[in-house]
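Worksheet: the structure to be examined is printed underneath.
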Number of protein chains: 2
Amino acid sequence: MVRCPKCAQVGTIMKAGYVRNKQRYVCKSCNYFFTIASSEQVPSRQKNHRHQTTIIDIARSTGVSNSTVSRALHGHADISPETRQAVLDMAAQLDYQPNQLAYNLVKSKTNTIGMIVPEFHNRFFPNVIMGAHQILTAEGYNLTIMQSNESFAVEVSNTKAMLANRIDGLLISLTQETNSFEHLQVFEKRGIPLVLFNRVCDDVKAPKVVVNDFEAAFMAVEHLILNGYERIAHLGGPLNLLVSRERLRGYRAALEKHGKNIEEDMIIQGMLSQQKARIYGKYLLELENRPDAIFAVNDSAAIEIMLMAKEKGISIPEELGVVGFSDNPESAYIGPGLTTVRQPTIEIGKTTAQWILQMIDADEEMALPQERILKTELIIRGSSLRSGI
Amino acid sequence: MVRCPKCAQVGTIMKAGYVRNKQRYVCKSCNYFFTIASSEQVPSRQKNHRHQTTIIDIARSTGVSNSTVSRALHGHADISPETRQAVLDMAAQLDYQPNQLAYNLVKSKTNTIGMIVPEFHNRFFPNVIMGAHQILTAEGYNLTIMQSNESFAVEVSNTKAMLANRIDGLLISLTQETNSFEHLQVFEKRGIPLVLFNRVCDDVKAPKVVVNDFEAAFMAVEHLILNGYERIAHLGGPLNLLVSRERLRGYRAALEKHGKNIEEDMIIQGMLSQQKARIYGKYLLELENRPDAIFAVNDSAAIEIMLMAKEKGISIPEELGVVGFSDNPESAYIGPGLTTVRQPTIEIGKTTAQWILQMIDADEEMALPQERILKTELIIRGSSLRSGI
DNA sequence: AAAAGTATCGGTAACGTTTGCGGATACGTT
DNA sequence: AACGTATCCGCAAACGTTACCGATACTTTT
């Protein structure tokens, strides 16, 4: 007969489940819970649904403790080769798969890097993902990708999900709508590594990986000027994106350097959807004093304009020069080939990934946030080579 | 003065960290560790690194228990509106972010779907991802993407990582190398939902989402025949992929239907890299008795052949008809436009995602594994329209 | 031969959450 | 006045791991 350790009552003891494979009891009199190491047969561990074999199962079958199993599985020095082999064999026999969730919880580290991109339509972001993926997997990290779909609300919700999942670091490229940055400053406050790329902003203290948009735009426009184009329009992106502002700045600087007049009604800034590109392109091509060249913020817009020009019977590059940005695969094959700025997409992904790994390794934030500017390349094709020159 | 409970020594007691907010001591004489419930002020709960605020913190600050906080945060009916509001306010004030890891561990459910794709080079898989992403996020699921990079070893390692991370379901498209399927049969054995798409196999009992490759290839080749091409070669993919076999089957069937002779040396099956495409293309175009049309397994290969034909001065479509597969963006812009088979990529992603959600909801595997075949569309452009007809 | 070191292994707190069960009130009903 | 009931909340087990602190049995050193 069992006596309650607290109230010393006898006959009021009831079973109250199992704890650590030992029978647990409760005194119905004083409601005191306690455990007794009995030799009673513990019922086989059956989960409600289906049971994934755990370290405890291996321990029980091998006759050692959980800690020994854990150490054996990790090749800890404290474990003798024999027991280690026994544990490994049993693990294989029971088809054991470690539970990363439990591991992550106790280590408060997930070995996962999060990445939030605004879209998947162009080749740009998939390529960046490829680059980052390559670096991260080589270092044993996983990559979780979320897509904000150019929506600020989704972006915020994504960052929350990333936080909840306790990722070790976040790589993010902002949406066109993003004008508020509290959801990113949280990461800084929590000390969670954060790297911005491509679509960056100055309002959050974090490293940024960008390309030399200013220079690239400058070179692109200067290239048009040197090919004899006089009145160059700019179809730009939304101005809350630094990318758009930089490209606009490069456009203006090139015109100024060569003493060209900047006509504000030939500068359009807006969202980058295909539909918008058609609307803006129509506007530009139907202007009374039509531009003789267009520098577009991306290749999709540039190609849209080329197609529209063909419909209107405007010859490229004679009557209209076109330069795009990003070097989409189709830009090489369209006739005439589209002159464009090639971005080192894979390199961008690699650089951001390497940077965030550095931040994770450096436990103290010794290095201040910096900016890494990668070089672009102007790919000259037929759409900007006026034959008359 | 504290006395050691074991050796009864006095003056040898030193502090040895905290356990459960109680001071822990060690006797330097007998090296015995013990705990004393003292009224001493316990230092504020500070983790070694940085502390994320937990439910316990909210409970302590609000003066209620953890369970009440947990229930309040989830809107449980047992909690009064006042305490609920108090908890919510405190949670906001302390900037609480739930720990998904702990949640997942106790629920043994991660609300995450895994997806393994072989490559990111073509538009195909990014588009599939887009489609699946759309469905899954709408249902509150996350999507973790891994890339096997056409390597069987990486694919196996990826599936292991997915298992360890306890995803709720897996969407996978196999690599070109995959000939063994134990790593997938594990999912079946564990009862983890699994859906194959595009690159599927018959050796694993799981739903498959594919396109009508046989029909599509048949129609493509028949289209060439009807346009007057006589000797049609096939540049196919590796034969361990069902996709390749189906397309080959369609190719053969079309030729047979129209009484064409099947010349085995004009059928090449192999890996799909760009380099290989050039090598095989060169072989085909330099054959003594050159084919007058080529049906390629994908657009990249088809375009490679078109470029090579241009170099050799072979005119398309007059001297050589070309048909590709997948309708890459560049295929519309190359001159002449590439005739190709458009796959419903977004639809494939949506279908696989919907299917796996169904499997998750249906706790019992009532429905047997099935196959869903989506329709393709033959996009006819200039590369297969011989003007002489 | 006593003391000290070494090799192995076990016990258990801790990670942060959910949840079943029971306790403590307060109120309305015989 | 006694009882039933509804409301609200707390206790502690459970999820599967890791790692710290001891414990034991040998082996080596003084």
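Chain A is the first sequence line, chain B the second, and so forth, proteins listed ahead of strands; every chain is numbered from 1.
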For A:I55, answer base if it contacts any base atom (sugar-phosphate contacts may also be present), sugar-phosphate if it contacts only those atoms, and nothing otherwise; contact means non-hydrogen atoms under 4.0 Å.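 Counting heavy atoms under 4.0 Å across all strands, the contact made by A:I55 is with sugar-phosphate only.
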Measure the distance from [atom1] on [X] to [atom2] on [N] and round it to the nearest whole Å.
X      : N      : atom1 : atom2 : value
A:L101 : C:dC15 : CG    : C1'   : 13 Å
A:R60  : D:dT17 : CZ    : P     : 13 Å
B:K109 : D:dA14 : NZ    : C1'   : 19 Å
B:N99  : C:dT17 : CG    : P     : 5 Å
A:I56  : D:dA14 : CD1   : P     : 10 Å
A:I58  : D:dG16 : CD1   : P     : 12 Å
A:Q52  : D:dC15 : CD    : P     : 13 Å
A:N165 : C:dC15 : CG    : P     : 20 Å

Sequence-distant partners of A:A86, side-chain contact (heavy atoms from CB on, under 4.5 Å), two or more places apart: A:T62
B:A161 meets the side-chain contact (heavy atoms from CB on, under 4.5 Å) criterion, sequence neighbours left out, with B:M146
Which of residues 84-96 of chain A sit near DNA chain C, with a heavy atom under 4.0 Å from it? none
List in chain and number order the residues that pass side-chain hydrogen bond (donor to acceptor under 3.5 Å, both in side chains) with [X], two or more places apart in sequence or in another chain; answer none if no residue qualifies.
X      : result
A:Q100 : A:N104
B:E182 : B:S180
A:S151 : none
A:D89  : A:Q85

On DNA chain D, more 5' by nearest nucleotide between B:V106 and A:V106 is B:V106
B:F152: partners by ring-ring contact (aromatic ring centres under 6.0 Å, His included), with sequence neighbours left out: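 Counting only residues at least two positions away or on another chain, B:F152 forms a ring-ring contact (aromatic ring centres under 6.0 Å, His included) with B:H183.
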Residues passing the salt bridge (charged side-chain N to carboxylate O under 4.0 Å, His left out) test with B:K109, sequence neighbours excluded, are B:D168
Going by the side chain to side chain donor-acceptor pair (under 3.5 Å) test, which pairs reach into residues 157-166 of chain A, not counting sequence neighbours?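 The answer is none; no pair qualifies.
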Could you work out how much the helix from C:dA1-D:dT30 to C:dT30-D:dA1 bends, comparing the axis of its first five pairs with that of its last five, to 10°?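 One end's axis against the other's: 60°.
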Would you tell me if any nitrogen or oxygen in the side chain of A:K107 comes within less than 4.0 Å of OP1 or OP2 on C:dA14?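 No, outside the criterion.
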Near DNA chain D, under 4.0 Å by heavy atom, which residues of residues 64-83 of chain B? B:V64, B:S65, B:S67, B:T68, B:R71, B:D78, B:I79, B:S80, B:T83
Consider only side-chain N and O atoms of A:S67 and A:S70, and report whether a donor and an acceptor are under 3.5 Å apart. no
Side-chain donor or acceptor of B:H76 paired with backbone N/O of B:D78 under 3.5 Å: yes
